[in-house]
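Working notes, structure below.
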Amino acid sequence: MKDVVKLSRKWTSILRSRVWFLLPSVIGVFVFALIPFADMLIRSFSNGAGNYQTVFENGAFHLAMMNTLRFAGVGIPILLICSFLAAFGIYKSKWMRFLKSIYLLPMAVPTAALVLIWKAFFHEAGLLNQLLTAFGIKEIDWLGSGAAFWVLVISYIWKNLGYTVALWIAGMMSVPESYTEAARVDGATERQCLFYIVMPQLRPVFYTITMLSFLNSFKVFREAYLVAGSYPQKSMYLLQHLFNNWFTNLEIDKMAAAGVLLAVFFAGCSIALEKLWQWEEGDGE
């Protein structure tokens, strides 16, 4: 009986210590996430459903939403494919550490320096247009035409490629070497090892990388804003531009309604992706 009491006290003390350890994080979530979201939810209904109707009828919201979805739909797959191929190419190279450091360099570039690179490259009289002119190709208004969207995509990939490559390499290093060695002994080629051994083992890593890439796609707004201002070319007008302009004009009710809609949308996307992932894993088993 005494042993049971001692064990109970021991587990009680452990649970209490963990509760106190988690308490600052829980308080932070309430203060900086849940309470502000509750306030936003209340503000969004300050005019009944009128705020939501205004948002749905707003042309700028439609443009920003479509551009953001298009950017995520184009930029994220390109980033995942390029980073995976780069990671697989340097994974077993003797220069892996050096090459990984080279890939990570863009993350160390300050945003202000990156903006200067943008302007030097993509200005109407910039280096890229000078190069095109030298080959007899007509100049392109990179930041004032539909090409601005691709400038945004290139910037996103260049900025996040190294970080994503490092994550892929970490995942590849977790795959036991004995798996691929046994496959090679049985006559499997490098391509077969990649598709049937390495890639199935990287499913959890792929899910994490996809979510992080999705979140990082919203950070490209900083460069776009510093280069083109609050009202850039239509193809690179994102949701962050819209919210920034609404905040500048103190249109808080519209911001609240749009914020709730986006929260529901992104939560739905995350849940759908997770369910799809679990279904694929179950199907694979």
Side-chain angles (χ1 to χ4, degrees), residues 60-89 100 102-111 113-119 121-122 126 128 140-169 171 199 202-203 205-244 258 262-263 265-270 272-274 276-277:
F61 178 78
H62 295 162
L63 176 64
M65 189 69 182
M66 293 303 298
N67 283 342
T68 303
L69 292 176
R70 181 190 175 201
F71 174 74
V74 172
I76 293 176
I78 294 176
L79 174 64
L80 293 178
I81 294 171
C82 292
S83 60
F84 179 80
L85 293 177
F88 187 75
K100 189 165 63 172
I102 295 296
Y103 275 112
L104 288 172
L105 278 178
M107 294 192 65
V109 178
T111 303
L114 182 58
V115 169
L116 291 177
I117 294 174
W118 268 38
K119 291 183 176 180
F121 259 86
F122 298 109
L128 194 54
I140 300 175
D141 186 5
W142 294 99
L143 298 177
S145 64
F149 172 80
W150 295 104
V151 174
L152 201 63
V153 172
I154 291 171
S155 174
Y156 166 70
I157 295 172
W158 181 78
K159 186 79 173 179
N160 294 279
L161 184 65
Y163 176 69
T164 314
V165 166
L167 293 177
W168 279 124
I169 291 177
M199 292 182 68
L202 293 177
R203 282 188 172 185
V205 179
F206 178 66
Y207 175 77
T208 302
I209 291 175
T210 301
M211 293 304 297
L212 290 175
S213 299
F214 178 70
L215 295 175
N216 288 332
S217 67
F218 290 90
K219 298 180 180 179
V220 76
F221 164 73
R222 296 175 299 178
E223 291 83 1
Y225 177 78
L226 291 174
V227 169
S230 301
Y231 297 94
Q233 205 276 336
K234 285 186 176 182
S235 64
M236 62 187 300
Y237 187 79
L238 305 175
L239 283 170
Q240 297 94 318
H241 290 94
L242 180 68
F243 278 96
N244 177 73
L262 292 179
F265 174 77
F266 292 138
C269 289
S270 300
L273 182 61
E274 185 176 0
L276 177 62
W277 202 257

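What you see is a predicted model, and the numbers here were worked out from it, not measured in a lab.
Partners of F266 according to the ring pair (Phe, Tyr, Trp, His ring centres under 6.0 Å) rule, which considers only residues two or more places apart in sequence or in another chain, are F214, F218. Under the side chain to side chain donor-acceptor pair (under 3.5 Å) criterion, S155 pairs with W118, not counting sequence neighbours. Contacts of F84 classified as ring pair (Phe, Tyr, Trp, His ring centres under 6.0 Å), with partners at least two apart in sequence or in another chain: W168. Take F265 and apply the ring pair (Phe, Tyr, Trp, His ring centres under 6.0 Å) test, not counting sequence neighbours, and it matches no residue. Here Q240 pairs with nothing under the side chain to side chain donor-acceptor pair (under 3.5 Å) rule; sequence neighbours left out. The ring pair (Phe, Tyr, Trp, His ring centres under 6.0 Å) check on F71 picks up Y156, with sequence neighbours excluded.
A 4.5 Å side-chain heavy-atom check between T208 and L167 finds every atom pair outside the cut-off. Counting heavy atoms from C-beta outward, W142 and I154 have side chains that stay 4.5 Å or more apart. Taking the side chain as every heavy atom from C-beta outward, N160 and S213 never approach each other to under 4.5 Å. Within the 4.5 Å cutoff, side-chain heavy atoms of L63 are placed close to those of K234.
Of all heavy-atom pairs between S83 and V165, the closest is O-CG2, 3.6 Å. The shortest heavy-atom contact between A258 and F243 is CB-CZ, 3.7 Å. Here the closest non-hydrogen pair linking A64 and T68 is O-OG1, 2.7 Å. Closest of all the heavy-atom pairs between G75 and V153 is CA-CG1, 4.2 Å. The minimum heavy-atom distance between L242 and A60, with the atom names listed, is CD1-CB, 3.7 Å. Residue A148 comes nearest to M236 through the heavy atom pair CB-SD, 3.4 Å, listed as atom of the first residue, atom of the second, then distance.
Residue M211 qualifies as enclosed at atom CE: its count of foreign heavy atoms under 6.0 Å is above 12. In this structure, F121 places its CZ atom where only 12 or fewer heavy-atom neighbours from other residues, nucleotides or ligands lie under 6.0 Å away.
Annotation: the span from L215 atom CG to T210 atom OG1 amounts to 11.0 Å, rounded to 0.5 Å. Remark: L69 CG to L238 CG distance equals 10.5 Å, nearest 0.5 Å. Rounding to the nearest 0.5 Å places CG of L80 at 11.0 Å from CG of L85. Put simply, CG on L152 and CG on L143 are 10.0 Å apart, with the number rounded to the nearest 0.5 Å. Taking CG of L202 as the start and CD1 of I209 as the end, the distance is 8.0 Å to the nearest 0.5 Å.
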